[in-house]
Protein chains: 4
Amino acid sequence: MTIKKRAISEYQKLHRKQVILETAFNLFIHNEYQDISMDLVAKKAKLAKGTLYLYFKSKEELFFSLKIMEYHHWFDEIEKKIKNLSKRPASKQERIKKFSNFITKSFEQRKNLIRLIIIVHHTLEKNINEELVLNLNQQIGNRLLQLGAQLENLFSFLNPSDGARLVFYIKTIALGMYQVSEPVAVIREMANKNKKELNIMMLDFKKEVQKMIEILLNGWS
Amino acid sequence: MTIKKRAISEYQKLHRKQVILETAFNLFIHNEYQDISMDLVAKKAKLAKGTLYLYFKSKEELFFSLKIMEYHHWFDEIEKKIKNLSKRPASKQERIKKFSNFITKSFEQRKNLIRLIIIVHHTLEKNINEELVLNLNQQIGNRLLQLGAQLENLFSFLNPSDGARLVFYIKTIALGMYQVSEPVAVIREMANKNKKELNIMMLDFKKEVQKMIEILLNGWS
Amino acid sequence: MTIKKRAISEYQKLHRKQVILETAFNLFIHNEYQDISMDLVAKKAKLAKGTLYLYFKSKEELFFSLKIMEYHHWFDEIEKKIKNLSKRPASKQERIKKFSNFITKSFEQRKNLIRLIIIVHHTLEKNINEELVLNLNQQIGNRLLQLGAQLENLFSFLNPSDGARLVFYIKTIALGMYQVSEPVAVIREMANKNKKELNIMMLDFKKEVQKMIEILLNGWS
Amino acid sequence: MTIKKRAISEYQKLHRKQVILETAFNLFIHNEYQDISMDLVAKKAKLAKGTLYLYFKSKEELFFSLKIMEYHHWFDEIEKKIKNLSKRPASKQERIKKFSNFITKSFEQRKNLIRLIIIVHHTLEKNINEELVLNLNQQIGNRLLQLGAQLENLFSFLNPSDGARLVFYIKTIALGMYQVSEPVAVIREMANKNKKELNIMMLDFKKEVQKMIEILLNGWS
DNA sequence: CATGAATGAGCTTTCATTCAT
DNA sequence: AATGAATGAAAGCTCATTCAT
């Protein structure tokens, strides 16, 4: 029994929490949620199982926190891009094009965030600290409103409070299209063998998300 | 040991299969997927556990079949409505309004189908007969193409092959919005206590789906 | 439900029993005992599961009967050979050599009988009709005594009642050596990769059985 | 939920493993292998089922380890006896007599080891860690070679490498005779009621093993 | 704080046997 | 006699969580 150096200061504790979350995320990238045991997370993080429970009250809480973390990363990225876009003058059509393009790209690169959101939506029900959920969702909610405001700024055709709704619609498109376009392994394999019959079922995530967002923005204006 | 009346003829067997599926669906309405054990399904259907496995090779196959069944019900309903709509002459705007209205209603009443689609998307990977998946998905795919054709008929602004894409987009909206708007139990409870802070997170499924579909159709035309 | 032609006469019934036994034996050759379900036997024999139970009261009884059948085949073969050997005059050493040679060969070709005897020895305890066991074992016992008498005839150094004992000893050697020399799959695989370390554990069944029988006969005389 | 005292040190863990093995062995003495569930072992050892799986990866591994343990006990006993025998000068005949006598006794008292060897021979195929098998069988193999060397020392008529073979032959005799002489319960009961008919099938394990070993040694020299 | 041994409910699936048809 | 749908006990194993050390 070698005991890992204790995290005493708040800063150290926060750091350890980060390490656990990153370890979990790395595992999540390559594995199904149900195949990731707390044991595995602990081993990969080179911590004892019990230690995980010092930082997260349950497996659900861990993955919920992970979702929040990834959400923040996504917001960070998107906000920066929007700022850049706002600076340069451009026509509505140009803006729509550019915006739909980079937001789609961001989803393409963050399918694991999408997976996380979907998974957590199922799994959250149990064993989770209400206050934490409230607290962290509040954070996300706020950034979301902020993002909405930025969009209203970017697209002059948006009325007040339309921005937030647009954000929700975009999220809807991302989550929905992920499940519509991302076939499960069984079907993917079959599609490889059996091309014709299934290819109506096979949509290209990136292309379709972008298209939907463009139509949506055009329909809105 | 009282043995349930044997299902001998093909018709009886099909009927028993139906009974099992309906039992499972009733359980699914009121419970989380992971809380529905095969034991429970068997008990509710007043059958022995082994009997379930006579009709379905695995739990996954049972719920996959359930999804297909519910899908068919949904198609049946929608196709009828579209036929009615097609008969009567109407303006584009009217048609969009009516269509988005009844399709949204159909989703509102079939949230369990949406849940099923989402769940099966995760769970399908394992213990399932490839051929069955291929076969049944083929059925769904065909009805979906059919539905696409009907939509092209209904909306003159749709080009050939746009119909199927529209169907996919609508599915995207339904799946996505379900997860965006349907808060998990924990949040629902908190929202009741704690109205203000959370209500930005609370979207009305029905209203938003309809709105999105309308915007989409308007953007398309 | 296509009903197989009924076996009404005693002869027909016996024949159907034979068919079942032969089917079971074919399965036994290529599979582990525990992997052979009654369902499988029924399917291969193109009979219904229930029909098996008309002819054999239990799975154990079926395999017990199979053992007896195979025993008889072995006795048939051996007795013929011994008769041939008895006819021709030969020295004691010659006879020992020839006898040990063909009896070893017979085991080599009937490893499945050996497996059966071993399996049945474990499995017999349950679900078996005592009278049947008594009856069929009696048959085997009688043939065994007969074989013993023939051996006493063949080898002049054997005293009365030594023959039967010799038969038992030979059976002992066959059963024992099978388990000593026949490595389980795991070990077999390892032996292939890892030649040196394991080859002390690897005996050649045929060679060693013959050697043991020869030493035994030499020691006896 | 009362948690059993934790086994922290390596020594304690080894001890707990021993306790589990001994519990399993006690159950094995009085029950058929297939009637010994992991649940039962856990209950008797007053541990939780999961705890067993902390120490043994599968039921097969547990019983394989048990076999190895019992093997070691047997070797310990036999080696001591052989050393004693080697010290005292004696004629070949005397040595054969004494050796066959005590080795037979050792088997008589370790029929459960014989049963274990037979059972494990069937059961080993599945769910077992190859390296463990390799490793532990290596141990047994080495002791066996050692025993062979001691026998060559004891019996001057043995040529180099004959010792190991002799050990294998003796093992053959023990395993084989166990199955030839040890009737299963059904037959044992019948034999009690029905003395005459069956007694040809009833050999005395001890007497016959000894006899065979003596004949074998005499034949060898 | 950190550890990791211990817990035990819980789950899916199999399959010999029965018996209504 | 033949069928095969129905039965249900049984069993191995996992894994989130706890808590003594």
Side-chain angles (χ1 to χ4, degrees), chain A residues 1-8 12-13 16 34 36-43 47-55 57-60 62 126-127, chain B residues 1-9 12-13 16 34-40 42 47-55 57-60 127, chain C residues 1-8 12-13 16 34 36-43 47-55 57-60 62 126-127, chain D residues 1-9 12-13 16 34-40 42 47-55 57-60 127:
Chain A
M1 186 175 67
T2 42
I3 294 179
K4 193 105 176 184
K5 201 160 166 256
R6 289 185 183 178
I8 299 199
Q12 286 171 319
K13 284 194 219 166
R16 180 146 297 174
Q34 57 260 49
I36 304 171
S37 67
M38 291 298 266
D39 215 24
L40 187 61
V41 177
K43 253 170 208 141
L47 288 169
K49 231 190 306 187
T51 308
L52 298 188
Y53 284 86
L54 293 175
Y55 294 91
K57 286 221 177 76
S58 67
K59 191 186 177 187
E60 283 80 12
L62 197 164
K126 289 156 191 157
N127 306 331
Chain B
M1 184 181 68
T2 40
I3 293 179
K4 192 101 176 182
K5 193 143 176 281
R6 284 171 168 75
I8 307 266
S9 71
Q12 286 170 318
K13 282 195 228 172
R16 179 139 298 173
Q34 58 260 49
D35 295 339
I36 304 171
S37 66
M38 290 299 265
D39 218 22
L40 187 61
L47 288 168
K49 223 188 312 185
T51 308
L52 297 189
Y53 284 88
L54 247 43
Y55 291 91
K57 287 216 181 77
S58 66
K59 189 185 175 187
E60 284 79 13
N127 302 335
Chain C
M1 185 175 69
T2 42
I3 293 180
K4 193 105 175 182
K5 197 156 170 258
R6 291 185 181 180
I8 300 200
Q12 286 170 320
K13 284 195 220 169
R16 180 145 295 177
Q34 58 260 49
I36 304 171
S37 66
M38 291 299 265
D39 214 24
L40 187 61
V41 177
K43 254 170 207 139
L47 289 169
K49 233 192 303 187
T51 309
L52 298 188
Y53 284 86
L54 293 175
Y55 293 92
K57 287 221 178 74
S58 67
K59 190 185 177 188
E60 283 80 11
L62 197 165
K126 289 156 191 156
N127 306 331
Chain D
M1 183 181 67
T2 42
I3 292 179
K4 193 101 177 186
K5 193 144 175 281
R6 283 172 167 75
I8 308 266
S9 70
Q12 287 170 317
K13 283 195 230 174
R16 179 139 297 173
Q34 57 260 53
D35 296 339
I36 304 171
S37 67
M38 291 299 265
D39 219 23
L40 186 62
L47 288 168
K49 223 191 309 186
T51 309
L52 296 189
Y53 285 87
L54 249 43
Y55 292 91
K57 286 214 181 79
S58 65
K59 189 185 176 189
E60 283 80 12
N127 303 334

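Proteins get letters first, then strands, A, B, ... in listed order; numbering begins at 1 in each.
What separates CG of C:Leu47 from C1' of F:dA5 is a distance of 17 Å, to the nearest Å. Following rounding to the nearest Å, C:Leu54 (CG) and E:dA16 (P) show an atom-to-atom distance of 17 Å. Whole-Å rounding puts the B:Lys13 NZ to E:dA20 P distance at 19 Å. Atom pair D:Leu52:CG and F:dC15:C1' shows a separation of 15 Å (rounding to whole Å applied). In this structure, D:Ile8 places its CD1 atom 8 Å from P of E:dA6, rounding to the nearest Å.
Shown here are the salt bridge (Lys or Arg N to Asp or Glu O under 4.0 Å) partners of B:Lys13, two or more places apart in sequence or in another chain: B:Glu10. Under the side-chain contact (heavy atoms from CB on, under 4.5 Å) criterion, B:Ala42 pairs with B:Lys49, B:Leu52, sequence neighbours left out. Looking at residues two or more places apart in sequence or on another chain, you find a salt bridge (Lys or Arg N to Asp or Glu O under 4.0 Å) between A:Lys43 and A:Asp39. Applying the side-chain contact (heavy atoms from CB on, under 4.5 Å) criterion to C:Thr51, with sequence neighbours excluded, gives C:Leu47, C:Ala48, C:Leu54, C:Tyr55. For the side-chain contact (heavy atoms from CB on, under 4.5 Å) test, residues two or more places apart in sequence or in another chain that qualify with C:Gln34 are C:Glu32, D:Lys126.
Distances shorter than 4.0 Å separate none of the side-chain N or O atoms of D:Arg6 from OP1 or OP2 on E:dT7. Phosphate contact (OP1/OP2 of F:dA20, side-chain N/O of D:Lys5, threshold under 4.0 Å): absent. Checking the phosphate oxygens (OP1, OP2) of E:dA6, a side-chain nitrogen or oxygen of D:Tyr55 falls inside 4.0 Å. Considering only side-chain N and O atoms, B:Thr51 lies nowhere under 4.0 angstrom from the phosphate OP1 or OP2 of F:dA5.
In terms of position on DNA chain E, the residue among D:Ala48 and B:Gly50 whose nearest nucleotide sits closer to the 5' end is D:Ala48. Checking C:Lys57 against A:Arg16, the closest nucleotide of DNA chain E that is more toward the 5' end is the one next to A:Arg16.
For F:dT21 and E:dC1, the C1' atoms lie 13 Å apart once the distance is rounded to whole Å.
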Would you list the protein and nucleotides 10-12 of chain F atom pairs, both N or O, that sit under 3.5 Å from each other?
from, atom 1, to, atom 2, distance (Å)
F:dA10, N6, B:Lys49, NZ, 3.1
F:dG12, OP1, D:Lys59, NZ, 3.1
F:dG12, OP2, D:Met38, N, 3.3

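If you take CD on C:Glu60 and CG on C:Leu62, they are separated by 10.0 Å, rounding to the nearest 0.5 Å. Atom NZ of D:Lys5 sits about 5.5 Å away from atom CD of D:Gln12, to the nearest 0.5 Å.
Stem list for DNA chain F (at least 3 consecutive Watson-Crick or G-U pairs, distances under 3.5 Å): E:2-21 with F:2-21.
The two atoms that bring B:Leu40 and B:Asp35 nearest to each other are CD2-O, 4.1 Å, heavy atoms only.
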